[in-house]
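These notes concern the structure reproduced below.
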Amino acid sequence: MPATSVIGLQWGDEAKGKIVDLLTEHHQIVVRYQGGNNAGHTVKFDGNTYKLSLLPSGILQPHVMSVIGPGVVVNPMALLGELDSLTAGGHECSARLLVSERAHVICPWHLAEEAALEKSRGSHAIGTTMRGIGTCYRDKVGRSHAIRIADLVDTDSFAAKVREIVPFKQLLLNALDPAAPVLSADQIIQEYSAAADRIRPMACDTTSYLLDALDEGKNLLFEGAQGSLLDIDHGTFPYVTSSNSSGCGIHNGSGVPERAIQRMIGVAKAYTTRVGGGPFPTELDNEIGERIRIAGNEFGTVTGRPRRCGWFDAVATGYSARISGVDSIAIALLDVLSGLDELHICEAYDIRGQITRTLPARCEDLADAVPVLTRVPGWQEDITGITRFSELPQNAQQYVRTVERIVGSPVEFVSVGPDRSQTIHMNLN
Ligand code: GDP
Ligand code: IMO
Ligand code: MG
């Protein structure tokens with residue numbers, strides 16, 4: 001099994017971190033290939049909780065090499081801050097981390113520009129994580145004013161680029177917002193060069209490293225960030241992130257050919273959440289939504305914002321599963337639904353009288369979608385200690401089977417609590 005990938009099938013926070021951590025045991029290399037420190041992945045084991053943003057979730061297991069691929073946008077300060085906090089917690093990981101020379105670098109102007117742009121969007125704000133993700137990707141695609149890790153670790157080239165870019169960005173920032181911060185090229189060069197000294201030993205051609213590893217028969221695990229519905233090309237544009245966060249991003253973000261991925265696992269919550277703006281057909285802006293938010297502790301890992309909560313949307317999840325060709329799905333946070341009398345699953349949208357079972361391209365249409373709901377009886381029991389599917393309450397089993405049927409992919413894992421041990425492996429039942 002050379003390469004496995006784990007991707008989110010909703011709008012992020014599906015518990016990818018937990019599933020990646022679970023699978024890491026059987027892999028030697030874990031790879032992040034898109035996004036940046038907008039991600040927030042939580043991993044729990046042995047009574048400890050770890051929150052990872054930019055580093056692959058597998059990094060916590062000492063036998064693993066971690067790779068940040070060419071498709072990731074890297075904030076050097078965030079990278080080092082995360083490594084330092086792991087070191088402080090007894091996990092020294094920097095010797096097991098490689099960062100692609102091709103990855104782009106998030107600079108202070110990206111954050112300032114994003115703040116001004118989000119402000120200018122008013123009520124149409126995307127509700128981004130304000131980490132400079134979209135503005136860094138824009139400069140990359142625009143092919144000017146972009147800095148890559150290879151430039152960052154080359155002291156002279158980095159300083160020259162910063163001196164060239166800063167005056168241009170200052171003009172732009174001043175035009176966008178009279179209260180924009182003043183950028184200092186000297187200060188940026190000084191701070192980033194200090195970070196570069198620490199990053200230099202990790203910077204390399206990760207593409208060759210991964211391709212060689214495949215040739216040597218090593219097992220690779222690809223860790224998706226965000227969720228497929230936030231994919232720049234296939235998601236709910238413009239309320240998306242700026243990378244290919246579905247399975248479509250693995251090849252271009254890592255340099256590893258698609259045919260090497262032999263196992264694609266899609267992770268979905270047993271309900272739906274979304275952080276930030278954008279349409280959300282099954283949203284529960286009521287007592288049930290609030291109950292799910294509290295039971296599931298649905299507050300953003302990165303920004304602390306309350307997550308919007310709603311019923312499971314099998315149309316959107318099924319669409320995500322299809323575009324990435326998932327082999328199986330992991331249903332997470334099933335325990336959060338315990339105690340509800342009746343559960344609803346969206347199996348179609350009614351868009352101004354038209355019934356559809358796929359995701360419309362226009363956000364305006366999705367905003368008008370009224371969910372067509374299937375009702376499934378709930379269960380009252382606490383399921384957080386159950387490790388076999390057959391021991392789940394009958395109604396919980398029926399719920400999982402209904403999701404499986406409507407989404408159209410076999411369920412491989414059911415997660416009933418945040419800890420590594422709180423997982424039902426369907427193949428072991
Ligand atoms: P990711 O971004 O997809 O890795 O997901 P996050 O870590 O942002 O959000 C998932 C949250 O749910 C984290 O706080 C996890 O610790 C927690 N979690 C994961 N699986 C379960 C589960 O089965 N039940 C419960 N109650 N919490 C879970
Ligand atoms: P993980 O990996 C949930 C959302 C933001 C915003 C939109 C664009 O933990 O699942 P960005 O800062 O990326 O330009 O914001 O995408 N978003 C996420 N929502 N989980 C995430 O990551 C997210 N990363 C970005 O809230 O709506
Ligand atoms: Mg998250």
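Order of listing sets the numbers, starting from 1, for every ligand and every atom in it. Since we're looking at a predicted model, the values are computed, not measured.
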- Item | Member of L52, V67, V30, V64 meeting the side chain to side chain contact (heavy atoms under 4.5 Å, CB included) criterion with I59 | L52
- So, does G40 sit close enough to ligand 2 that a heavy atom of it is under 4.0 Å from the ligand? yes
- Item | Proximal atoms of ligand 2 relative to G12 (non-hydrogen, under 4.0 Å) | 3 (C), 10 (O), 20 (N)
- Query: Is any N or O atom of E114, backbone or side chain, closer than 3.5 Å to an N or O atom of ligand 2?
  - Reply: no
- Numbered atoms and elements of ligand 2 in range of W11, under 4.0 angstrom, heavy atoms: 3 (C), 19 (N)
- Query: Between the side chains of E404 and T402, is a donor N or O closer than 3.5 angstrom to an acceptor N or O?
  - Reply: no
- Contact check, G127 vs ligand 2, heavy-atom distance below 4.0 Å: yes
- Task: Specify the protein heavy atom at minimum distance from atom 3 (C) of ligand 2: its residue, its atom name, and the distance to 0.1 Å.
- Result: D13 OD2, 3.2 Å
- Task: Kindly assign one of parallel, tilted or perpendicular to the pair F280 and W11, based on the angle between their ring planes and the thresholds 30° and 60°.
- Result: tilted
- Item | Donor-acceptor side-chain pairing of D139 and H104 below 3.5 angstrom | no
- Side chains of Q170 and N174: donor-acceptor distance under 3.5 Å anywhere? yes
- Item | Proximal atoms of ligand 2 relative to G276 (non-hydrogen, under 4.0 Å) | 27 (O)
- Should R305 be listed as contacting ligand 2, given a heavy-atom distance under 4.0 Å as the test? yes
- Query: Relative to the heavy atoms of T128, which atoms of ligand 2 are at a distance of less than 4.0 Å?
  - Reply: 6 (C), 11 (P), 12 (O), 14 (O), 15 (O)
- re atom 27 (O) of ligand 2, the protein heavy-atom contact at minimum distance is V275 O, 3.0 Å
- Query: Do Y271 and E298 have side-chain heavy atoms sitting under 4.5 Å apart?
  - Reply: yes
- Message: Nearest 0.5 Å, please: how far is CG in L97 from CE in M202?
- Response: 5.5 Å
- Has Q226 got any heavy atom lying under 4.0 angstrom from an atom of ligand 2? yes
- Taking Y137 as the fixed residue, which of T241, I232, V73, I106 is the one that meets the side chain to side chain contact (heavy atoms under 4.5 Å, CB included) rule? V73
- Message: Could you identify the single nearest non-hydrogen protein atom to atom 7 (C) of ligand 2 and state the distance to 0.1 Å?
- Response: V240 O, 3.8 Å
- Message: Any heavy-atom pair between the side chains of L23 and V6 that's under 4.5 Å?
- Response: yes
- Rounded to 10°, how many degrees is the angle OD1/D13-the Mg ion (ligand 3)-O/G40? 160°
- Between H41 and ligand 2, find which residue part has any heavy-atom pair under 4.0 Å and reply side chain, backbone, both or neither. side chain
- Message: Quick check on contacts: which atoms of ligand 2 are under 4.0 angstrom from a heavy atom of L230?
- Response: 4 (C), 16 (O), 17 (N), 18 (C), 19 (N)
- Message: Among all protein heavy atoms in this structure, tell me which lies nearest to atom 13 (O) of ligand 2, with the distance rounded to 0.1 Å.
- Response: T241 OG1, 2.6 Å
- Task: Using heavy atoms and a cut-off under 4.0 Å, could you grab the residues that are in contact with ligand 1, chain by chain, numbers ascending?
- Result: D13, E14, A15, K16, G17, K18, G40, H41, T42, K44, T301, R307, L333, D335, V336, S415, V416, G417, P418
- State if T273 counts as touching ligand 2 under the rule of any non-hydrogen atom under 4.0 Å. no
- Under a heavy-atom criterion of less than 4.0 Å, does R307 contact ligand 2? no
- Flag this pair as yes if the NZ/CZ of R420 is under 6.0 angstrom from the six-membered ring centre of F45 and inside a 45 degree cone about the axis; otherwise no. yes
- Starting from atom 12 (O) of ligand 2, find the nearest protein heavy-atom neighbour and note its residue, name and distance. T129 OG1, 2.5 Å
- Message: Determine whether R308 and E283 satisfy the following criterion, salt bridge (Lys or Arg N to Asp or Glu O under 4.0 Å), listing intermediate values before the conclusion.
- Response: CA-CA 7 Å; R308 299 156 67 191; E283 183 165 13; 2.9 Å; yes
- Item | Side-chain donor-acceptor contact under 3.5 Å, E114 with T135 | no
- Message: Between H27 and T4, is there a side-chain donor-acceptor contact under 3.5 Å, judged purely by atom types and distance?
- Response: yes
- Item | Straight-line distance of T129 OG1 to N38 CG, nearest 0.5 Å | 4.5 Å
- Query: For ligand 2, which atoms, with element, lie under 4.0 Å from some heavy atom of A225?
  - Reply: 2 (O)
- Message: With a 3.5 Å distance limit and no angle check, can you tell me whether Q61 reaches the backbone of D21 through a side-chain donor-acceptor pair?
- Response: yes
- Query: With atoms numbered from 1 as shown, which atoms in ligand 2 lie under 4.0 angstrom from a non-hydrogen atom of I126?
  - Reply: 8 (C), 27 (O)
- Note on the structure: dist S5:OG -> I7:CD1 (nearest 0.5 Å) comes out at 6.0 Å
- Task: Verify the distance criterion only: is there a donor paired with an acceptor across the side chains of Y33 and H251 at less than 3.5 Å?
- Result: no
- Item | Atoms of ligand 2, numbered as shown, that sit under 4.0 Å from any heavy atom of K16 | 1 (P), 2 (O), 10 (O)
